[in-house]
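In this chain, residues are counted from 1 in sequence order.
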Amino acid sequence: MANHNHFSAVLIVLLLQCIQLSCVVGVSPPTQTGGRWELLLNNTGVVAMHMALTRHNTVVVFDQTSAGPSQYKLRRRFGGERCTLAHADNIDPDCYAHSVEYDISRNEVRALRLSSDAWCSSGSFLSNGTLLQTGGHGSGSRRIRKFRPCKDRHCDWSESHSLLSNDRWYASNLILPEHDRVIVVGGRRAFTYEFVPKMGKEKAFDLPFLHRTFDDREGGNNLYPFLHLSSDGNLFIFANRDSVLFNYRRNKVVKTFPRIPGRGSRNYPSTGSSVILPLDHADRFRKVEVMVCGGSATGAYRAAGRGRFVKGLQSCGRMVITGNTNKWKMEQMPEPRLMHDMLILPTGNILIINGAKTGSAGWGNARNASIRPFLYNPKNKPNRRFSVLKSTKIARMYHSSAIVLTDGRILVAGGNPHRNYTFEHVHYPTELRLQAYHPDYTEPKYDGQRPTNVSIHYAQGDHGIKYGKQFTVRFKLERRRSGVLEFNAYAPPFTTHSISMNQRLLKLKNRNTEIDSNGQWISTVVEAPPSPNVAPAGFYLLTVVNGGIPSVSRWIRFINS
């Protein structure tokens, strides 16, 4: 009897520990404290509603211009007129920055000039590294902006004289295989798509799929549709609960996929998130699989307006969109989640970070911040793919963002569920602190297994690597881990509203590995992707991964012949 009581006591203690750790099927307690958090800045000055990493290792951050004064006061308006301490200037939005550039190496920000309102807009990087930015609110709803990054800190936003055909507020944006052509899809009351730049007298094209997926009672639920470029050159579009494969060259839906199982919705304002899983040279990049996670329950948007915050969706769906067998395979996250970011790490795993557990997107529409990131390993067996990582102390709610940096850290910023910058007497104040999340693979204990001194070599005179051509990667490695060496190319996204536009990772083919006499310097021949359908032309981050431990990434450029 004594042994039985002892066993029962031990069992109760273990159960209590499991409850404290929020144990779920497939989540292993030892990983609950994975990684660490670092506070970088107490005040970025501007809410990171939108964020993107440039090829010069700076980060463009911008908010809406219609939120009133930010927390970055200017000495002079961009027109040159001085900003004084007078009350009129203290409340004049023109005396404040609404965009900044964050210098990673200096850990500081500088003000940028944003002329029109980019509130809830979209963006893509062109092949030369320029950020093409489209749409927004009010005066900015049809604007086309560009930011061409530079090394001398003198670059700034510019605006095109050309305009979009339709207002694009809450639209999505994707770079296409054609040279520097972007497609812009949807937006509030915009059931169309259009291209930038346009061909001749081209206008916007109607997209009936957007009409069918629109839910007027729930704020749309098809805004910021998820867009992914398939390796066959067609466009995967997901809105609300439905998805199609779309041939944008012929303005034709070529495949309608099954509806994702379960109730609730996945797009704004229900705001789940989506990624295209890593593409692999092993199948010649032919298998394309998308993943959609989280969102809001049916009726959550209206309920939040009445002060009732409904539990979000806990499910994720994976579906192969190529081939003839297209079926959602459902999994459960450790907790419900919405308004989160899904990022592809250099290892090929997926990080789910930021967001809330209840409610929906919109002003003050969510509660119960999701402070614990989830790590998802797509190669593990089902029910063993999720793990829970170290929690943050800072809530990242509506209008927060996260991106992957070259050293493998995650830059996390923003959060403002209010129309203006608001710091008192609210559940979730405007958040201007800048953080870095350090995944476990960045820890010093792995330094001996981390590839270092990575350099990339290709034909002299070329300004990039042509499709299908070979190039050499040279690096130093003290100790090799079990498993293969991987060479992964990552397209850094434009991130806003839980969507990382244009994000994709490719596992490249490598051969002819040579090791020097001391066994530490390694040279490997790597093969570029076969076509712009697989990887649209532009700058990517190349990472050498040694059994799950990534190097610091190096910028690489894929170009057309």
Side-chain angles (χ1 to χ4, degrees), residues 174-177 225-238 242-249 253-261 266 273-293 315-331 342-352 375-386 467-468 483-491 493 500-511 526-537 540-543 545 548 558:
L174 200 75
I175 189 76
L176 299 173
F226 304 142
L227 306 179
H228 299 297
L229 178 66
S230 178
S231 59
D232 62 5
N234 291 314
L235 192 64
F236 174 83
I237 309 176
F238 183 106
D242 297 321
S243 52
V244 296
L245 194 64
F246 186 65
N247 185 328
Y248 60 87
R249 298 178 181 91
V253 172
V254 294
K255 184 182 292 187
T256 299
F257 296 104
R259 172 170 286 180
I260 192 168
R266 310 286 180 163
S273 191
S274 177
V275 293
I276 182 171
L277 294 178
L279 304 174
D280 201 321
H281 73 87
D283 57 30
R284 298 182 181 179
F285 305 103
R286 290 175 179 168
K287 178 183 177 182
V288 180
E289 187 172 10
V290 300
M291 184 175 184
V292 176
C293 285
S315 62
C316 292
R318 284 174 59 167
M319 181 173 64
V320 176
I321 64 172
T322 45
N324 298 319
T325 304
N326 313 116
K327 182 179 179 181
W328 290 103
K329 296 180 180 179
M330 304 304 291
E331 302 179 61
M342 293 180 70
L343 298 173
I344 308 173
L345 297 179
T347 57
N349 292 335
I350 310 301
L351 182 72
I352 301 175
L375 185 68
Y376 180 83
N377 187 333
K379 290 186 175 181
N380 279 358
K381 294 180 179 179
N383 296 325
R384 302 300 301 174
R385 290 172 177 161
F386 282 103
Y467 290 108
V484 298
L485 281 170
E486 292 185 328
F487 298 83
N488 296 339
Y490 175 71
S500 293
M501 301 178 193
N502 298 287
Q503 179 180 226
R504 64 205 290 122
L505 184 141
L506 303 98
K507 294 181 177 292
L508 302 180
K509 186 176 183 179
N510 66 91
R511 60 182 74 187
V526 180
E527 189 174 294
S531 75
N533 286 347
V534 174
Y540 290 69
L541 290 175
L542 183 81
T543 312
V545 183
F558 298 130

- Task: Kindly compute the distance separating CG (Leu506) from OG (Ser231), expressed to the nearest 0.5 Å.
- Result: 9.5 Å
- Task: State, yes or no, whether a side-chain contact exists between Leu229 and Pro177 at a heavy-atom distance under 4.5 Å.
- Result: yes
- Does the side chain of Phe386 come within less than 4.5 Å of Cys316's, by heavy atoms? yes
- Does the side chain of Val292 reach to within under 4.5 Å of the side chain of Met342, using non-hydrogen atoms? no
- Task: Give the C-alpha distance, both sets of side-chain angles, the deciding distance and a yes or no for side-chain contact (heavy atoms from CB on, under 4.5 Å) between Ile260 and Met330.
- Result: CA-CA 9 Å; Ile260 192 168; Met330 304 304 291; 4.0 Å; yes
- Task: Kindly write out the residues that satisfy side-chain hydrogen bond (donor to acceptor under 3.5 Å, both in side chains) with Asn326, not counting sequence neighbours, or none if the list is empty.
- Result: Lys255
- Query: With side chains defined as the heavy atoms from C-beta onward, is the minimum distance between Tyr540 and Tyr490 less than 4.5 Å?
  - Reply: no
- To the nearest 0.5 Å, how far apart are OG in Ser230 and CG in Leu279? 8.5 Å
- Note on the structure: Closest non-hydrogen contact found for Ile276 with Arg504 is CG2-CB, 4.0 Å
- Message: Any heavy-atom pair between the side chains of Val275 and Leu277 that's under 4.5 Å?
- Response: yes
- Looking only at heavy atoms, the pair that brings Phe238 and Arg266 closest together is CE2-CB, 3.6 Å
- Calculate, to the nearest 0.5 Å, the distance between atoms CG and CD belonging to Asp280 and Glu289 respectively. 12.0 Å
- Query: Is the side chain of Asn488 donor-acceptor paired with the backbone N or O of Pro346 at a distance under 3.5 Å, no angle test?
  - Reply: yes
- Message: Could you report the tightest heavy-atom contact between Pro258 and Trp328, atom names first, then the distance?
- Response: O-NE1, 2.9 Å
- Message: Let me confirm one number: the CZ-CD distance from Arg384 to Glu331, rounded to the nearest 0.5 Å.
- Response: 12.5 Å
- Exercise: identify the closest heavy-atom pair between Ile237 and Pro225: CG2-CB, 4.3 Å
- When rounded to the nearest 0.5 angstrom, what is the spacing between CD in Gln503 and CD1 in Ile350? 7.0 Å
- Do the side chains of Phe285 and Leu508 get nearer than 4.5 Å, heavy atoms only? yes
- Query: Given side chains that start at C-beta, do those of Arg286 and Thr322 come closer than 4.5 Å, heavy atoms only?
  - Reply: no
- Query: How about Lys287: does its NZ atom have over 12 heavy atoms from other parts shown lying under 6.0 Å from it?
  - Reply: no
- Query: Which of parallel (below 30°), tilted (30 to 60°) and perpendicular (above 60°) describes Phe236 and Phe257?
  - Reply: tilted
- When you look at Met319 and Ser243, which way does the side-chain contact (heavy atoms from CB on, under 4.5 Å) test go after all the steps? CA-CA 11 Å; Met319 181 173 64; Ser243 52; 4.0 Å; yes
- Task: Quick one: pull up CG in Asn502 and CD1 in Ile175 and give me the separation to the nearest 0.5 Å.
- Result: 6.5 Å
- Task: Give the minimum heavy-atom separation between Cys293 and Ile352, together with the two atoms involved.
- Result: SG-CD1, 4.2 Å
- Message: Using modelled atom types and a 3.5 Å cut-off, is there a donor and acceptor pairing between side-chain atoms of Thr543 and backbone atoms of Val545?
- Response: no
- Which atom names give the shortest non-hydrogen contact between Pro278 and Gly348, and what distance separates them? CG-O, 3.5 Å
- Can any side-chain N or O of Arg318 pair as donor or acceptor with the backbone N or O of Lys329 at less than 3.5 Å? no
- Query: Quick one: does Arg284's side chain get under 4.5 Å of Pro530's, heavy atoms only?
  - Reply: no
